[in-house]
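When a residue number appears, it is its place in the shown sequence, counting from 1. Counting convention: from 1, in listed order, for ligands and their atoms alike.
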Amino acid sequence: MSYDRVAFVGLGLIASSMFWAMRRAGMGAHVTGYARSEQTRATAREIGLCDTVCDDLASAVRAADLVVLCLPVGAMGEVMAELAPHIKPGATVTDVGSVKRAVIEAVAPHIAPGVHFVPGHPLAGTEHSGPRAGFAELFDNRWCLLTPNGADTAAVAQLSDYWQALGAKVEEMDPDHHDLVLAVTSHAPHLIAYTMVGVADDLHRVTNSEVINFSATGFRDFTRIAASDPTMWRDVFLTNKDATLEILGRFTEELFALQRAIRTGDGEMLHDYFTRTRAIRRGIIDAGQDTDAPDFGRKKR
Ligand SMILES: NC(=O)c1ccc[n+]([C@@H]2O[C@H](COP(=O)([O-])OP(=O)(O)OC[C@H]3O[C@@H](n4cnc5c(N)ncnc54)[C@H](O)[C@@H]3O)[C@@H](O)[C@H]2O)c1
Ligand SMILES: O=C(O)C(=O)C[C@]1(C(=O)O)C=C[C@@H](O)C=C1
């Protein structure tokens, strides 16, 4: 059974992609949206994002069967506290945050009895943000992880069906496990990309175009990732602190080992290491999980 009324709180990349994916799927739900800034609401109205863009939180969520929090992770608790009294009994609240334990801790205390809370995270995104950044194909064939944490099974099944209609594949996961896995596959790699671009910038050549002009695809990929939204990523690192630090500790150990191999001329070690990592990439491709940045012929709105 699909939802009759859906509300998006926060109208950026993920909310707008969800909205266009709903329209593509032919979902008949009435969609309301709320964004904190007047400018974002004006843009949303201009591009036809949502059936109704509301100027206050209460009007956006009052009638909704599904409320989707599409905000930076650090803002979820505060916004949920404000909208909690306006959510109707029987509704489901979900989120799309990149970290799950911190969102559960911030949001769950505000969930009234009779309201279902099913946290979620679509593993799909780009370095772009804001209401114009969304596109209907973003979630196609990508995972959406739900971390129900004991939520009502019918509410979980309904949300799972909804994400599948948006094009995603759905799996359930324990929130702490989610945070550790994502620290490896997304959070630490982003920090490494930010660092690498920072290092290049420190050499004062990036902005003078030399590094840009002569950069190979590896560095260009880093610059794409390092162009991601600063607020979103600040919140990811501050709220997934333990798992990220654990993975960065391991990363540093490996980096030192490779550094030593280079210094001592240990070609065998380097070759063995790169052979092992190449096999991992090939395994991902063989499993049909090539995670290269999607383009999908994104439409400009
Ligand atoms: N961008 C990605 O690649 C990606 C992928 C998957 C999940 N996510 C997660 O999805 C969530 C939204 O990300 P996005 O990429 O859509 O971001 P975005 O920057 O495109 O949109 C965020 C929206 O939240 C609003 N907002 C920000 N702070 C607020 C506050 N304090 N109160 C009220 N509204 C506020 C902004 O005005 C904007 O409308 C984040 O939690 C992020 O971790 C992002
Ligand atoms: O492709 C990108 O731009 C992304 O970084 C998307 C990405 C990722 O790391 O894969 C980023 C954060 C989200 O939580 C999920 C997806």
Side-chain angles (χ1 to χ4, degrees), residues 7-21 33-44 49-50 53-57 60-61 68-83 94-100 102-104 106-107 119-135 138-139 142-147 163 166 168 178-179 181-194 220-240 244 284 289-296 298:
F8 292 113
V9 179
L11 295 175
L13 167 74
I14 301 296
S16 56
S17 296
M18 291 176 77
F19 176 76
W20 300 121
Y34 170 80
R36 179 181 54 159
S37 101
E38 207 177 311
Q39 196 189 335
T40 304
R41 297 196 296 270
T43 304
L49 173 61
C50 299
V53 175
C54 303
D55 290 325
D56 66 288
L57 266 174
V61 303
V68 192
L69 304 176
C70 300
L71 306 160
V73 170
M76 301 257 186
E78 188 189 319
V79 174
M80 186 62 207
E82 199 183 329
L83 60 81
T94 189
D95 77 295
V96 297
S98 304
V99 178
K100 295 278 54 92
V103 168
I104 291 170
V107 170
H121 179 203
L123 304 190
T126 74
E127 71 279 24
H128 302 293
S129 52
R132 292 184 194 273
F135 54 104
L138 179 63
F139 310 109
R142 296 308 190 97
W143 287 108
C144 179
L145 300 177
L146 302 182
T147 59
W163 271 110
L166 266 47
H178 167 280
D179 290 353
V181 170
L182 267 291
V184 179
T185 60
S186 176
H187 305 168
H190 271 77
L191 198 73
I192 292 160
Y194 278 121
R220 277 176 194 245
D221 287 350
F222 275 179
T223 60
R224 185 188 77 78
I225 292 291
S228 301
D229 187 66
T231 305
M232 168 185 159
W233 284 98
R234 176 203 62 196
D235 286 5
V236 166
F237 294 120
L238 293 181
T239 58
N240 198 19
T244 307
I284 291 173
Q289 302 271 322
D290 183 354
T291 51
D292 274 348
D295 185 30
F296 300 123
R298 199 175 306 144

Is atom 6 (C) of ligand 1 near the protein, in the sense that some protein heavy atom lies at less than 4.0 Å from it?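 Given the 4.0 Å cut-off, atom 6 (C) of ligand 1 counts as touching protein heavy atoms.
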
Per-atom contacts, ligand 1 versus [X] - under 4.0 Å to a heavy atom:
| X | result |
| --- | --- |
| A75 | 30 (C), 31 (N) |
| T126 | 1 (N), 3 (O) |
| P122 | 6 (C) |
| A124 | 5 (C), 6 (C) |
| G97 | 41 (O) |
| C70 | 12 (C), 22 (C), 23 (C), 24 (O) |
| V73 | 41 (O) |
| S129 | 18 (P), 19 (O), 20 (O) |

Best match, S186, G125, S98: closest heavy atom to atom 10 (O) of ligand 2: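 That would be S186.
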
Look only at interatomic distance and state if [X] has a nitrogen or oxygen under 3.5 Å from any nitrogen or oxygen of ligand 1.
| X | value |
| --- | --- |
| G10 | no |
| R36 | yes |
| D229 | no |
| V79 | no |
| I14 | yes |

Would P72 count as a contact residue for ligand 1, given that I'm defining contact as a non-hydrogen atom of the residue lying under 4.0 Å from a ligand atom?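 The answer is yes, since P72 has a heavy atom less than 4.0 Å from ligand 1.
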
G130 near ligand 1, heavy-atom distance under 4.0 Å?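 The answer is yes: ligand 1 sits under 4.0 Å from a heavy atom of G130.
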
Considering both backbone and side-chain atoms of T185, is one of its nitrogen or oxygen atoms within less than 3.5 Å of a nitrogen or oxygen in ligand 2?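 No.
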
Mind checking whether W233 has an N or O less than 3.5 Å away from an N or O of ligand 2?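 Not met; the criterion fails.
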
Could you tell me whether the side chain of K100 and the main chain of G120 form a donor-acceptor pair under 3.5 Å?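 Looks like yes, one N/O pair under 3.5 Å.
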
Ignoring hydrogens and geometry, is there a side-chain-to-backbone donor-acceptor pair from S186 to L182 under 3.5 Å?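 Absent.
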
Flag the pair R41 / D55 as yes when at least one side-chain heavy-atom distance between them is below 4.5 Å, and no otherwise.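 Result yes, sub-4.5 Å side-chain heavy-atom pair found.
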
Below 6.0 angstrom between ring centroids: does that apply to F135 and W20?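 No, the ring of F135 stays outside the 6.0 Å limit from the ring of W20, centre to centre.
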
Under a 4.0 Å heavy-atom limit, does H121 contact ligand 1 with its side chain, its backbone, both, or neither?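 The part of H121 near ligand 1 is the side chain, not the backbone.
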
May I ask whether W143 has any heavy atom positioned less than 4.0 angstrom from an atom of ligand 2?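 Contact check W143 vs ligand 2: negative.
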
R224 near ligand 2, heavy-atom distance under 4.0 Å?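 The answer is yes: ligand 2 sits under 4.0 Å from a heavy atom of R224.
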
Closest approach of any protein heavy atom to atom 25 (C) of ligand 1, naming residue and atom: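 Here the closest protein heavy atom is L71 CD2, 4.0 Å.
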
Let me see the working for M80 and D95 under side chain to side chain contact (heavy atoms under 4.5 Å, CB included), right down to the final yes or no. CA-CA 10 Å; M80 186 62 207; D95 77 295; over 6 Å; no

Indicate yes or no: does D229 engage R234 in a salt bridge with an N to O separation below 4.0 Å.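 Salt bridge between D229 and R234, a charged N being under 4.0 Å from a carboxylate O: no.
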
